[in-house]
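For reference, the structure is listed below as structure tokens.
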Amino acid sequence: MSGSSAVSCSAPCRFAHYFVICGIDTETGLEPDDLAGENFEQSPLKRTFKSKVLAHYPENVIGNPFDQDAVNMLCMPKGLSFRTQADQRQPQFHSFIITKEDGSRTYGFVHTFYEEVTSPQICSAMQTLYQMHNAEHASDNPPSSSSSSSMDSLASSLDEVDSPTSSSSLSSCRAAGSYDTSRDTLYVSKALCLITPMPFMHACRRFLSQLHKAVTAATAPPLPLESYIHNILYEVPLPAPGRSLKFHSVYEPIVCQRPGLGELPLADFPLAEAFSLLGVENLVQVFTCTLLEMQILLYSQDYQRLMTVAEGITTLLFPFQWQHVYVPILPASLLHFLDAPVPYLMGLQSKEGTDRSKLELPQEANLCFVDIDNHYIELPEDFPQFPNKTEFIQELSEVLLSFGISANGGAPSRTRNSPGSTPSTPSRECKTVTLWQLEDDGRNGNLAGEELSVLELLQGNTTLERLQALTKRTGVTVAHVDALRAGIKAQRAEGHGGRTVAEEEELRHAKLNVQLREVFASRFTAMFADYEAFVIQSAPDLESWLTNREQMHNFDKASFLSDQPEPYLPFLSHFIETQMFATFIDNKIMSQWEEKEPLLHVFDARIDKARLYNVRAPSLRSSNYQRCSNLKECGKFSHVLSHMEFVLHGFLLVKPVTAQAIEQRLMKINHTAIHPHLLDMKIGQGKYMQGSFPKLQADVLNTGPRVEGCLVLQNSMAFWEWDNGSPPPIKPPKKSASASCLKYMQEARSLGKNIRQPKLSDLSPAVIAQTNWKFVEGLLKECRLKTKRMLVEKMGREAVELGHGEANITGLEENTLIASLCDLLERIWSHGLQVKQGKSALWSHLLHYQAREENLEQQQAESPACHVPERRKSDGSVSMPSLRVYLIQDMRHIQSMSEIKTDVGRARAWIRLSLEKKLLSQHLKQLLSRQTLTKKLYKRYAFLRCEEEKEQFLFHLLSLNAVDYFCFTSVFTTIMIPYRVVIIPIKKLSNAMTTSNPWVCVSGELGDSGIMQIPKNVLEMTFDCQNLGKLTTVQLGHDNAGLLAKWLVDCVMVRNEITGHTYRFPCGRWLGKGVDDGSLERVLIGELVVPSGEEESGRGWRTPPLQRSPTQTRRISITSLSGRGYKPTSAQIQEAIGEAVNSIIKHFHKPEKERGSLTILLCGENSLVAALEQFFYHGFKSARLFQKTMFVWDFVEKAVAYMESADQMGDLQETTEHLGMSCQSLYRYVSAINSTPRNIGKDGKFQLLVCLGARDRLLPQWLPLLVECPVILQMYEDTALLRDRTPVHALIAVLETLHDFPITLESSLVKGIDL
């Protein structure tokens, strides 16, 4: 018990928590590792067998309990491996990480070597296995049945090696690798492991390497091995922040250091190697996928490469942290975890010779696949690029070049637009770990052979050297060669300042790490410099904030995005929706009540420092790339800059600290730990046996030292030998979190944290089922939150359009949310797949459904039962035929789109189309109703086979029908779409049909159809046209030919046959000469209508008409033929004008891509034209006085005619020059409108005059001319608004507010006007 308590007290400040030995258990013998996907076709030496934890010291550490199964799996992820004296037996090093549920991490560092097998039983068992294997292969073997599970096929593909598959002789089997106890020596792998709370990779690697060397050396080590292990477990402390520590191993001292509280956190894995393996561009792309929380799968034969790349990428995320599943090394027994329907970052070991094309992964729709050994990546489709990517890559390349590392590593990245392409296997495999020991291969990022040859040529040729010197004297610099020379010189430099070559190498790695991390940190500092201004801190205390966390908006996303440069928006709109950003903001809010999270503390300090020297207003945001100012502190002139500050490009460079601090800490060691010493061991213990790692004495290694009854490590100052330095500052204790806070941190902070890492300690079916149940719950919660967010944000936007509140969602955000929903659906459909078929699990399911339904349709068509054809109603009425709601039909629409090349793209397009049609929930319910198909495709634990959760999921999707989306129409803008046009005449009057030749032209936000002739006596037609977007206007007319050349049209209906959106274009007017206003052509303004019919009744949707507020009565046009009906008061007219102008101003205050149609605001219901018509018709003298119907255009023409005649007679000579110019412009515009070849009628001409006047900012100039003209006395009553100076002046003032905005008119409005 005393040992246990000792350990528990000292654990927090100890350098290492456990020392572990893994290997073969001679008592249990050879046990095949069934979980590793064993392939018994392989020879026994190639198979994997179960390893065991042979010993671990101490027994347990409170706060970090020993997980035996997890450590065993990660120390030997592929189990035991055997070798003979003929095989290579080089020691290997790798590291691993264990992530706990609360997000804390423990690091493991493993040295694996081969030890001779001394047990006769093991050797005999191996020989027996070989005899059985050879006997089996001597006879013909039937081929093994193919696996039915994608996971099984994945396991088998990973274990494939070249082995004889046909019948072969015994001799050929032996040649391939045999074992005979009489002639061969058998070796087995053994692993030494240190488990530490912090990632001191270099120090642990050197310690374990020296420990192994002590066993294999010819002479015994100075002390028993127990002394060194006891020393690092109990007597070596963690370095204090900002301090360095030296401790002693078997042969050499080891130095490690820890960054200070204000520095970037500890990162000991060499970033140079990650960049070298992937290349700068590929690594930036993988980094972007990580930021956007996609699924990242690393793939390599080398465990340490997996860990180096994974840790490198997550290190660069500062100040953000990866919040999801993180398993850099996935043991072979956990391959089923790739089925996880959540974002993950995992590493998978490949076997030599395994082809990427044979690697069947459960889901790839949102996967970033990183083949480290072959230096290439596969990227998901359609993900946004990192802001200023080109300049960012350039800056990183310059940093690498300054260290002599070429930046053109890696092969070009690939997306899944070209399926079936496989990488070429590299001619050479890079097997070493340190940077300059990597082979000379351009793809691994080292100096390319061409560059080295250039340098050697320059150094070896005196003529070229003189030429180079001459160019320098004339002012021409050879920067690239100089950089190469400097890099090579730095690379080949011998130990400096008393340091060994290894220490110099570590220092160089540390400096390069700092410089690369500074570039990344600088990008985030620039992008989020003002993030605090958008944090919403509304809760009065921590308890209330935690209680209402899910219902609260913590960050003003819309305002933040509106403050960012346009090129940044695609990336930022996705990134601020991620869990890592949400957690970052949560930490910021909680810092009001709790101690600030360390990464946040460092980041905020950097922002504060930047603000001191670089004050800027948020409105001055620029997309210009800002280079990292901190790089200079680590560079060539650091000795000059260390005591001064200077300005470069407007930025004040802060006095350098980080890189210098690293070097200073290594040059001047702060603390030295107690040396290893003899322990109180019994005589005969600690016996040395060369070549075999001894059985250690547990009694001395399980208990820490005591000094006068007190633990040494309880007071860590007691055993440091101080080297002229003050003790580290004592950190104030963190405020204790409340119970609800701790619960929140572990469970309810946010989505996706249910599982950080698969449970390695117990792989029973019950545990696997429990893990999958957590996934199901997580997916359902994610669906609820996503649909709620989409609904609330979209309803908020529609409320704004109806005049309530302010907008809080942009089109970019909406697109981001829909893309996120597509990703969620793909993950749901990928969970629990029996067999993976195609990149998109959802589209694969849809194809199965389509094949099944089409087969049933074919059987029904061939059956003798007669089918009654569907008939349209025969009451003689004309109406839009109903559109059948049919899942298969929507699939066929998507399949006919040649623009979409991949299954993932088709699935996303289908989701967008279903969402726009308000059929997503209904379609998916129909898809899942075929339970036989679902059971065939999915395992029992799959989300789609959990009935209750599936029903809730469909219900959440059904809630999206409450709002309108145009997410298909607005994205696929170049596709051909079939449209149906139905012209509905007023049947109660004559001339429902006309003898003339009618035509129609349909216009939308994306273009128009062009003029199309309508066949005579036909009121319905279809046409194919490139996507017109939301429809805005229809031009309808005829050529006035024949006896019945008059046409009374009620409205025109137009339907998009793919999305089902139907638009109604009201008319209610005559088209014909000598009737109504004499128009042969009308421009009709459309509105989206609610479809009626049996098929749509189940859809439960209500679409508010565009530009119509439910709070106001619909105004009847005052231009009706009889003049009777609703006549608004003067106050209502003036209010209508104000609202119309207001709507136009609001239109221009929206982002350009989200403004919609200006035509509707100018000419539609409650538009500017309608409001001005009401103003001009107020007090207009009735038709009885003139014996014919009069229109406003008649008044305009009479006024212009009077002004022309007055001008000719000289009556206007005394007017001001400005008024004269206004007169001339009015003549010109009225003349141009009258002379147009179009027959648009008098109301159409007035509408055109208003639109042109608004566009060219002339309306306020024309109004006084019309008001002052004597014609007004003949045509208007005394009470008319036009004769009252107060409302006229108010109208002029209101119209002048439109002068600030660039009004553009649709071509359908101004066609044929020559101005």
Side-chain angles (χ1 to χ4, degrees), residues 150-151 153-155 157-158 160 274 277-279 281-303 305-310 312-314 322 324-330 332 334-383 385 409-426 443 823 826-827 830 833 836-841 901-905 907:
S150 62
M151 275 303 159
S153 65
L154 172 58
S157 72
L158 285 176
E160 279 182 5
L277 289 167
L278 295 182
E281 183 169 3
N282 281 353
L283 192 134
V284 168
Q285 294 286 59
V286 176
F287 174 72
T288 308
C289 291
T290 309
L291 283 171
L292 300 178
E293 296 187 337
M294 297 177 174
Q295 293 177 323
I296 319 289
L297 183 62
L298 310 176
Y299 192 61
S300 173
Q301 291 186 43
D302 188 331
Y303 293 128
R305 285 187 179 182
L306 294 173
M307 190 73 181
T308 299
V309 173
I313 290 169
T314 52
W322 180 255
H324 300 278
V325 175
Y326 182 62
V327 192
I329 298 175
L330 186 68
L334 290 176
L335 291 181
H336 66 273
F337 212 75
L338 289 171
D339 197 18
V342 292
Y344 61 67
L345 202 168
M346 295 202 245
L348 188 64
Q349 194 211 22
S350 62
K351 277 208 169 184
E352 192 172 356
T354 303
D355 192 351
R356 160 70 180 105
S357 62
K358 294 179 181 176
L359 188 64
E360 287 291 326
L361 299 169
Q363 48 190 323
E364 297 188 44
N366 204 37
L367 179 74
C368 174
F369 181 81
V370 184
D371 191 334
I372 297 173
D373 299 336
N374 289 334
H375 319 287
Y376 90 106
I377 61 176
E378 288 178 14
L379 296 170
E381 295 177 25
D382 305 324
F383 78 100
Q385 297 296 316
S413 60
R414 306 181 186 191
T415 63
R416 295 192 180 81
N417 293 336
S418 54
S421 60
T422 55
S424 58
T425 305
R443 291 175 304 179
D823 168 45
E826 280 290 2
R827 285 190 279 118
S830 299
L833 269 176
K836 184 214 166 205
Q837 296 176 356
K839 303 285 187 184
S840 167
K901 308 293 184 186
T902 65
D903 285 352
V904 174

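Please read all numbers here as calculations on a predicted model, not as lab measurements. Only this structure's heavy atoms are used, side chains among them; waters, hydrogens and symmetry mates stay out.
- Contact annotation: the side chain of L338 approaches that of L348 to within less than 4.5 Å [non-hydrogen atoms, C-beta and beyond].
- In this structure, the side chains of T902 and K839 stay at 4.5 Å or more apart for every pair of heavy atoms.
- For the side chain to side chain donor-acceptor pair (under 3.5 Å) test, residues two or more places apart in sequence or in another chain that qualify with D903 are R906.
- When all heavy atoms of P328 and M307 are compared, the closest pair comes out as CB-SD, 3.7 Å.
- How far CE of M346 is from CG of L306: 12.5 Å, rounded to the nearest 0.5 Å.
- The closest side-chain heavy-atom distance from L298 to L345 is below 4.5 Å.
- Looking only at side-chain heavy atoms (C-beta outward), Q385 and Q285 come within less than 4.5 Å of each other.
- Residues passing the side-chain contact (heavy atoms from CB on, under 4.5 Å) test with I313 are V286, T290, V309, sequence neighbours excluded.
- Remark: the backbone N or O of L277 is paired with a side-chain donor or acceptor of H375 at under 3.5 angstrom.
- Contact between W322 and P343 at its shortest, heavy atoms only, is CZ2-C, 4.1 Å.
- N366 CG to S830 OG: the interatomic distance, rounded to the nearest 0.5 Å, is 9.5 Å.
- Counting heavy atoms from C-beta on, the side chains of Y344 and Q295 come closer than 4.5 Å.
- Between atom CD1 of residue I372 and atom CG of residue N282 there is a gap of 11.5 Å, rounded to the nearest 0.5 Å.
- In this structure, CZ in F383 is found 5.5 Å from OG1 in T288, a value given to the nearest 0.5 Å.
- Here the OH atom belonging to Y303 is positioned 14.5 Å from the OG1 atom belonging to T308, to the nearest 0.5 angstrom.
- Y299 is not listed as a side-chain neighbour of Q301, based on a closest heavy-atom distance of 4.5 Å or more.
- Atom OG of S300 and atom CD of Q349 lie 8.0 Å apart (nearest 0.5 Å).
- If you check the side chains of S840 and E826, you find a donor sitting under 3.5 Å from an acceptor.
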